[in-house]
Each structure stands twice: as structure tokens, then as C-alpha cells.
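A quick write-up on the structure given underneath.
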Amino acid sequence: MVETDIKALNERIQRESAFVDMITMEMHKVIIGQKHMIERLLIGLLANGHILLEGVPGLAKTLAIKTLASIIEAKFSRIQFTPDLLPADLVGTLVYSQKREEFQVRKGPIFANFILADEINRSPAKVQSALLEAMQERQVTIGDSTFQLPEPFLVLATENPIEQEGTYPLPEAQVDRFMLKVIISYPDKKEEKQIIRQNIGNEISAASTIIKPEDILRARAVAREVYLDEKIETYITDIVFASRFPADYKLKKFDGLISYGASPRASIYLALASKAYAFIKRRGYVIPEDIRAVAHDVMRHRIGLTYEAEAENITSEDIINEILNTVEVP
Amino acid sequence: MRIIKIIGIFLLLLGGVQSFSQDVRVTARLDTGVILIGDHVGLKLRFEGPSGSHVIWPSFNDTILGNIIVIGRSKVDSSFSKDRKSLSLTQELNLTCFDSGFYTIPQIPFRYRIFPDTAVKTAATGLSMLMVHTLKVDTTSIIKPIKGPLQVPLTFLEILPYLLIALAVIIFVLALVWYIRKRKKNEPLIHIRPKVKLHPHEKALQELEKLRIRKLWQQGNIKEYHSELTDILRTYIEDGFGIPAMECTTHEIIFRLAQSNGFSKAVIEKVEQILQTADMVKFAKAVPSPQENENVLSTGIEFVNQTIRTVVDQAQAGSTNQIEPKPQV
């Protein structure tokens with residue numbers, strides 16, 4: 001079989017993606033299990049997309065991103081979102097210097113490569129907006145000056161599915177800016193045992209710094225070159241359209257259950273995330289498996305359900321499952 | 001009779017007397033001054049004036065003078081002169097009378113206003129004379145019986161409803177006879193030719209043969225060739241084994257085949273080889289050699305031939321239509 005430019009691209013990817021295994025290995029030195037979360041962190045890193053993590057406390061969300069930052073030799077910030085947090089606490093502010101007799105910029109914790117916005121729904125809308133605007137624009141304005149945020153810039157926001165009292169749920173438009181919404185589940189029994197052993201021993205596991213931010217930027221460029229055939233584009237479009245017009249895709253049963261379907265951002269992010277996924281799998285082209293692998297994480301926060309759906313206990317996961325099982329694979 | 005004619009000519013001269021008032025002229029003219037009792041006569045009313053005239057047209061009851069009856073009236077028709085400076089309005093009344101004698105149609109007043117003058121003026125037509133005479137009865141001849149009503153010939157439109165009803169009755173009677181005969185013979189009312197349902201393997205082999213004849217890859221349509229080949233095989237797997245292959249990826253199809261009984265490892269490897277080659281062509285711009293293109297088709301035919309037994313077995317066991325639950329992603 002003769003492969004033209006894809007063969008060359010595959011070889012490049014083989015070279016450039018070598019660090020993926022190293023990162024995964026280093027991550028697993030510290031994090032037990034959570035393979036899915038680690039893989040999604042890498043997708044976000046390679047596709048330049050932010051991630052919303054949802055899981056109960058104690059599932060190593062903070063540890064995962066902190067470890068990732070240490071592996072990449074990048075700056076890490078953790079911001080605990082609370083009801084009294086102000087936008088200035090996040091992006092920074094102007095402070096008057098008596099010595100210099102002028103206002104000086106004091107940059108906030110957002111000026112880091114990896115941000116962990118812990119429990120983002122505990123802060124009011126103005127703080128959420130400040131973060132989400134920075135995520136979108138990748139720059140922050142303090143006073144008269146505009147500052148570019150460092151690259152790579154990856155925000156991991158967490159949401160706690162329990163204790164919803166006194167929270168400010170993210171509006172749909174804001175949630176749409178997150179490339180992936182990852183649901184983190186509990187480790188299995190075997191992993192749980194390993195976690196116990198690791199935490200009660202004297203030896204503290206630590207990840208080594210193995211790559212630099214420039215390597216990530218270079219890998220991102222290669223990941224964007226991954227070939228995405230027109231048939232795959234059609235498959236992505238069909239999946240997204242099935243969430244908007246279910247009746248056109250033999251899913252008439254979902255009529256009246258979906259209040260709004262996935263946005264065009266879903267199509268863009270499905271393409272980008274599947275390219276990153278193919279890169280992680282050391283492939284120079286996207287196959288339908290890649291789309292199916294990332295579809296839940298890309299679409300689950302982009303499908304709105306009606307009251308009828310909630311009354312019937314139908315979740316966005318059910319809808320995505322049914323869409324993937326109904327839309328013809330190219 | 002001669003006297004009547006002379007009087008008639010006199011009346012005609014009198015009829016249609018015109019009235020002039022400044023630039024306005026109104027007339028009332030009878031078609032004829034002498035009519036037979038019960039006959040119709042036209043009375044033409046006319047107003048002529050400047051184009052800015054606003055006229056209050058005279059209205060009539062059903063009778064004029066009690067004996068002259070208005071049996072029809074046209075709409076008031078307006079027309080302008082070529083230079084659009086003068087306006088002309090006309091109306092025709094259709095009159096009749098059932099009493100003989102001389103009648104004088106009175107002056108008919110026309111009220112009008114000429115823009116921009118706001119004063120309302122009146123102009124009247126002249127008198128018109130109408131003589132209504134009877135038939136002279138010849139008392140010397142014998143009395144004849146009264147003539148019956150005249151028969152008007154029938155038109156096609158009048159006959160049409162009866163024709164349609166007759167046709168419907170004939171069709172209904174024929175349909176009833178046809179239905180009773182069918183019932184007696186115990187035959188179905190409509191013969192629907194049963195569609196020959198091919199077995200999934202027959203259909204697949206037929207489609208594969210068609211694909212071979214079309215020589216797609218030989219014409220450079222390699223991607224189309226592999227897409228159609230995999231679609232045929234996926235449809236075969238779906239129809240034959242109840243695996244929803246059209247909605248599954250290569251990996252999922254292989255996984256499902258491996259899970260179900262009746263497939264040897266060699267058979268599964270064959271499908272895997274075809275699907276993976278097709279994936280490379282469809283999604284990675286791969287260009288297989290001519291030998292590889294030939295091989296995938298023959299491997300596909302081999303796969304179908306080797307699994308006919310499984311399909312037939314499953315059909316006999318009645319499990320062909322049992323769709324397994326779709327894989328959860």
C-alpha cells in the first residue's frame with residue numbers, strides 16, 4: 001500500500017509524540033488510575049482547549065494538574081473560587097507605590113501556564129466571566145495595559161456535583177467555551193488499594209520534569225496537521241446535527257426532550273479533539289473511533305435538556321449514546 | 001292605423017328633448033315612442049359636462065308614473081373626451097308597460113357640482129312621450145285554444161349531472177358484481193406480486209459481483225470502491241447476524257464478531273483485513289496496489305461464502321431478526 005504525505009506525517013508524529021508516553025508514565029507515578037482524565041488533559045494540552053472537570057472531592061483533580069505542570073516545567077496556579085472572590089483577585093490590579101509615586105500593576109494568579117479554577121461555580125457571575133474572558137481572549141487588561149497570557153495556557157475548572165446550595169451555575173454560553181467536560185469517577189478496588197499503599201508509605205512519589213513548554217507548542221502544531229478526511233467531517237456534522245434535529249436521524253423519540261443542540265463550537269472541538277486524540281495514538285489521520293472516543297466529553301455540556309427529559313430521567317449521556325449508535329459510521 | 005303612425009312620428013320628434021345648462025347637457029332618449037303592450041323600450045340617460053363634474057345620479061323606483069315599469073338598469077358608465085376636458089356619463093333603463101295609452105315621462109333632474117365651484121346646480125332632461133297600443137282583435141274569426149308553454153331545447157350542461165349519476169351507478173354495479181365473483185371464488189381482491197426476498201448472503205454476493213463489474217478502482221475511484229465494498233459487507237453483517245455494523249466502527253465490528261459464536265479466527269481476520277484496508281483508503285489517503293484492490297474483493301466474497309452456513313443456521317433458529325443490544329460507547 002502506498003501512502004503519500006500521510007506516511008511522512010505519521011513518521012513526524014511518531015517522533016513528536018514520544019513525549020506523550022513519557023508524560024503518561026510520569027503522571028502515573030503520582031496518580032493512580034484516572035487514565036481517562038490524564039488522556040483528556042493531554043487532549044486539552046495538544047488541542048489548546050480548556051477543560052471542565054466534574055467529580056466529587058478527593059479524586060486527584062488538583063494533584064493531576066499540579067503534576068502535569070511539574071512535568072512540563074510550567075507555572076501552576078490554583079485559585080479557590082469562593083462567593084467573595086473578586087475579578088481583581090483573579091486577573092490582578094493596580095497598586096499605588098508610595099516609593100515610586102505611581103500605580104504599579106500587580107498580576108493575578110491567572111498569569112500561569114496551568115490554572116486550576118477550583119469549584120468555579122462557587123463564585124458569582126462577574127468572577128466567572130473574568131476567567132472565561134481571559135480563557136477566550138488569552139489576554140488580560142489591567143488598567144490601561146493589556147498583557148498576553150503565557151503559552152501554553154490551560155484552564156482546568158472543577159465543579160462539584162454535590163453540595164449545590166449557594167452555587168452559581170455556569171451559564172450555557174460560558175460552559176460552551178470549555179472544550180471538554182470530563183466526568184471523573186471513583187477508582188476501582190485495585191487502584192484504591194494502590195492509593196492506600198502509596199499514601200501510607202514513607203516514600204513520596206514525585207514526577208520529574210521532562211519537557212518544556214516549547215515542546216508542547218511544537219507538538220500542538222503537528223497535532224493540527226493530523227489529516228481529517230471529508231468523510232470524517234461529514235460524520236462530525238451528522239453527529240452534531242442529530243443533536244439539533246433528532247427526527248432527521250431516526251431519533252424522533254428525542255423530539256421535545258432536547259431544548260437546544262450542540263453549537264458549532266462542538267463541531268470545531270470534535271475535530272480538534274479527535275486530531276489530538278489521533279496524535280496521542282500516534283496516528284497521522286483521524287478515524288471514526290477517535291470521534292467516538294471524544295464525543296461524550298465534547299458534547300455532554302452542549303446539549304440542553306427539557307423538563308420532560310429531566311422528568312423521564314434522560315441525561316445528555318443517554319442522548320449522545322443513542323446518537324452515536326444511530327448515526328451511520330463512514 | 002295611419003293616425004297612430006303619425007302620432008308616433010310626432011312623439012319621436014318630441015322624445016329625447018335635451019336640456020342645456022351652461023356647459024352641461026343632460027338628455028333622456030327613448031329607443032322608440034310607440035310600443036306594443038308588454039313590449040320593452042330602452043331609455044338612455046346621458047350627462048355631458050366638464051371633467052371636474054360631480055353628479056348625483058337620479059334614482060328611480062320600480063315604476064315611473066305608476067304604469068311604466070323599470071325592469072332593468074345598467075351601471076352608470078363614464079367616459080372622457082380625448083383631451084380629457086369633458087366627461088360623459090350614461091345609463092340605460094329598460095322599461096315596459098301593460099296598459100295601453102299615451103304616457104309622458106317627466107323631466108329627470110340631474111344634480112351636479114363642477115369643481116372648484118361648490119354650488120350644487122340642477123339640470124333636467126326634457127319630456128319624453130310614449131304610446132302603448134294593443135292588438136286589434138278580429139271578432140269575426142273563430143276563437144282558438146290557448147297556446148301551451150313553448151318547449152326550450154335541453155343543453156348538455158343540463159343533461160351532464162344525470163349522465164354522471166348513471167355512470168356512477170353502472171361502475172358501482174360492475175364493482176359489486178366483480179366483488180361477489182371474487183368472494184365466490186375465494187380469491188384475494190388485489191394481486192400483489194410478492195417481492196422475492198433474497199437471503200443476506202445472496203444479496204451480498206450479487207452486490208459484490210456488481211461492484212466487480214463496475215471496475216471502480218480501475219477507473220481511479222479507489223475510495224468509492226473501498227467505501228462500497230465495506231458498505232456491502234457491513235450490510236451483510238447487519239442483515240445476516242443482527243450486528244448493527246453500519247453504525248459501528250471497524251474495531252467495534254471485529255469485537256462483536258469475535259463475541260458471537262460461529263466465526264473462526266481466520267474468518268474474523270479476513271473481515272478485519274478488508275475493513276482496515278478500507279479505513280486506510282477512506283481516512284488516510286492510502287492508495288493500495290492493484291493486487292491489494294483485487295484481493296479485498298475476493299476476500300470479501302470468500303468471507304460471505306464461508307459464513308453462509310452461519311447465516312442460514314441463524315435464520316433457521318429464528319435469530320436473524322434478533323438485534324443484539326448496540327454497543328455502549
Side-chain angles (χ1 to χ4, degrees), chain A residues 1-10 13 36 225-236 238-239 242 249-251 271 274-275 277-278 281-300 315 317-330, chain B residues 217 220-235 237-239 242-257 271-296 299 323-329:
Chain A
M1 201 179 294
V2 184
E3 290 167 46
T4 51
D5 47 341
I6 300 287
K7 197 175 178 183
L9 183 62
N10 264 342
I13 285 169
H36 182 83
E225 282 178 39
V226 169
Y227 176 66
L228 190 123
D229 193 81
E230 200 190 328
K231 277 179 179 285
I232 300 286
E233 283 174 4
T234 309
Y235 186 46
I236 290 173
D238 282 342
I239 289 171
Y249 291 84
K250 300 175 201 164
L251 290 166
S274 59
K275 278 186 170 196
Y277 189 80
K281 298 289 171 193
R282 309 271 182 101
R283 243 184 297 106
Y285 54 93
V286 176
I287 56 173
E289 263 106 351
D290 301 330
I291 306 292
R292 290 167 86 98
V294 297
H296 280 82
D297 297 312
V298 173
M299 290 177 70
R300 63 163 60 94
T315 61
E317 301 291 324
D318 299 329
I319 288 171
I320 298 166
N321 271 337
E322 205 59 39
I323 287 173
L324 293 179
N325 288 333
T326 310
V327 173
E328 269 191 20
V329 175
Chain B
W217 70 264
N221 301 322
I222 298 167
K223 202 167 172 179
E224 197 184 336
Y225 171 73
H226 282 268
S227 294
E228 290 202 12
L229 174 67
T230 47
D231 281 352
I232 293 166
L233 294 179
R234 283 158 74 193
T235 309
I237 293 168
E238 191 158 319
D239 295 346
I243 296 170
M246 290 306 285
E247 292 82 32
C248 288
T249 61
T250 298
H251 177 76
E252 286 164 353
I253 293 168
I254 301 304
F255 179 74
R256 299 291 293 272
L257 285 175
V271 187
E272 193 171 10
Q273 186 209 332
I274 298 167
L275 295 178
Q276 280 180 348
T277 308
D279 277 356
M280 289 298 288
V281 176
K282 287 191 281 185
F283 311 125
K285 291 188 196 171
V287 184
S289 64
Q291 189 60 46
E292 282 173 314
N293 285 328
E294 285 288 356
N295 284 350
V296 284
T299 312
I323 308 293
E324 290 176 39
K326 290 176 179 178
Q328 290 298 304
V329 185

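When reading the values below, keep in mind they use all heavy atoms of this one structure, side chains included, and skip hydrogens, waters and symmetry mates. Naming: A, B, ... by sequence-line order, numbering from 1 per chain.
- Partners of B:K282 under the side chain to side chain contact (heavy atoms under 4.5 Å, CB included) rule, at least two apart in sequence or in another chain, are A:K231, B:S227, B:T230, B:R234, B:A278, B:D279.
- Shown here for B:F283 and A:Y227, the closest heavy-atom pair between the two residues is O-CD2, 3.1 Å.
- Taking A:V327, A:D229, A:I287, A:L228 one by one and counting their heavy-atom pairs under 4.5 Å with chain B, the maximum is reached by A:D229.
- When the salt bridge (charged side-chain N to carboxylate O under 4.0 Å, His left out) test is applied to A:E328, no partner is found at least two apart in sequence or on another chain.
- Annotation for B:T249 and A:P288: closest pair CG2-CB, 3.9 Å, computed over non-hydrogen atoms.
- One distance of note links NZ of A:K250 with CD of B:E247; it measures 6.5 Å at 0.5 Å rounding.
- The distance from the CG atom of A:N325 to the CD atom of B:E252 is 8.0 Å, given to the nearest 0.5 Å.
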